[in-house]
Amino acid sequence: QVQLVESGGGLVQAGGSLRLSCVASGRTFSSYVMGWFRQAPGKEREFVAAITWSGYRAYYVDSVKGRFTISRDNAKNTAYLQMNSLKPEDTAVYYCNGNGALDRSGMYGAGPYWGQGTQVTVSS
């Protein structure tokens, strides 16, 4: 069983930055495609970004391209989401997801492992 634990959320003003971390238990993290999702109040959970096991390819939803960067450190069993130029519409609970499926077009199918979520609030 793999457990994912997110951290790094908080309250930030528009234009600010946050870095989310997702630490995974287990020894198979380095073989997993990892992703980040978010869910705003009253909305469905949406895909934000995904990264291949090697870190060589990354994919983003259009609304965060150029502002967010997904990365990973397999030696630390950790995935990151660097969020810059934050906007009020980025306010949501952010979830880490593990062992999903990523096709060549960048479509990410969520895997079975989810973190508990971390709240990100961007004030205007």
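Scope of the values below: all heavy atoms of this structure, side chains included, with no hydrogens, waters or symmetry mates.
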Enter the distance from [X]:[atom1] to [Y]:[atom2] here, rounded to the nearest 0.5 Å.
X      : Y     : atom1 : atom2 : value
Tyr113 : Asn99 : OH    : CG    : 6.0 Å
Arg38  : Glu44 : CZ    : CD    : 14.0 Å
Ile51  : Tyr80 : CD1   : OH    : 11.5 Å
Gln116 : Glu6  : CD    : CD    : 4.5 Å
Tyr95  : Glu46 : OH    : CD    : 12.5 Å
Gln82  : Ile70 : CD    : CD1   : 12.5 Å

Selection residues 6-104 - residue pairs positive for disulfide bond (SG atoms under 2.5 Å apart), sequence neighbours left out:
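As it turns out, the disulfide bond (SG atoms under 2.5 Å apart) pairs with a partner in residues 6-104, which skip direct neighbours, are Cys22-Cys96.
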Please tell me whether Trp53 and Leu102 are part of a single hydrophobic cluster in this structure, the criterion being side-chain heavy atoms less than 4.5 Å apart.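 No, Trp53 and Leu102 fall in different hydrophobic clusters.
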**Prompt:** In terms of hydrophobic clustering (I, L, V, M, F, W, Y; side-chain heavy atoms under 4.5 Å; direct or indirect links), are Val23 and Tyr94 co-clustered?
**Reply:**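 The answer is no; the residues belong to distinct hydrophobic clusters.
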Query raised in the report: For Lys43, what residues pass the side chain to side chain contact (heavy atoms under 4.5 Å, CB included) criterion, not counting sequence neighbours?
Result: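 With neighbours one apart ignored, the set is Ala40.
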- Could you pull out all residues at least two apart from Val122 that satisfy side chain to side chain contact (heavy atoms under 4.5 Å, CB included)?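 Val122 satisfies side chain to side chain contact (heavy atoms under 4.5 Å, CB included) with Val12, Ala14, Leu86, Pro88, Asp90, Thr91, Val120 only.
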If every non-hydrogen atom of [X] is compared with every non-hydrogen atom of [Y], which pair is closest and at what distance?
X      : Y      : value
Ala92  : Gln119 : O-NE2, 3.5 Å
Leu81  : Ala49  : CD1-CB, 4.2 Å
Leu20  : Trp36  : CB-CH2, 3.7 Å
Tyr108 : Ala50  : CD1-CB, 3.7 Å
Asp103 : Ser105 : OD1-OG, 2.7 Å

The criterion is ring-ring contact (aromatic ring centres under 6.0 Å, His included); which residues satisfy it with Trp114, sequence neighbours excluded?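 In terms of ring-ring contact (aromatic ring centres under 6.0 Å, His included), with neighbours along the sequence ignored, Trp114 is linked to Phe37.
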Side chain [X], main chain [Y], donor-acceptor under 3.5 Å:
X     : Y      : result
Gln13 : Ser123 : no
Asn97 : Gly111 : yes
Asn77 : Ala24  : yes

Quiz prompt | By side chain to side chain donor-acceptor pair (under 3.5 Å) - contacts of Arg19 (at least two apart) | solution =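 With sequence neighbours excluded, Arg19 shows a side chain to side chain donor-acceptor pair (under 3.5 Å) to no residue whatsoever.
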Axial cation check for Phe29 ring with Arg72, 6.0 Å and 45° limits
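Verdict for Phe29: a cation-pi partner in Arg72.
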request  = Not counting sequence neighbours, list each pair that qualifies as a salt bridge (charged side-chain N to carboxylate O under 4.0 Å, His left out) and has a residue in residues 77-88.
outcome  =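 The answer is none; no pair qualifies.
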With a cut-off of 6.0 Å (strictly less than), are more than 12 heavy atoms of other residues, nucleotides or ligands near CD of Gln3?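 No.
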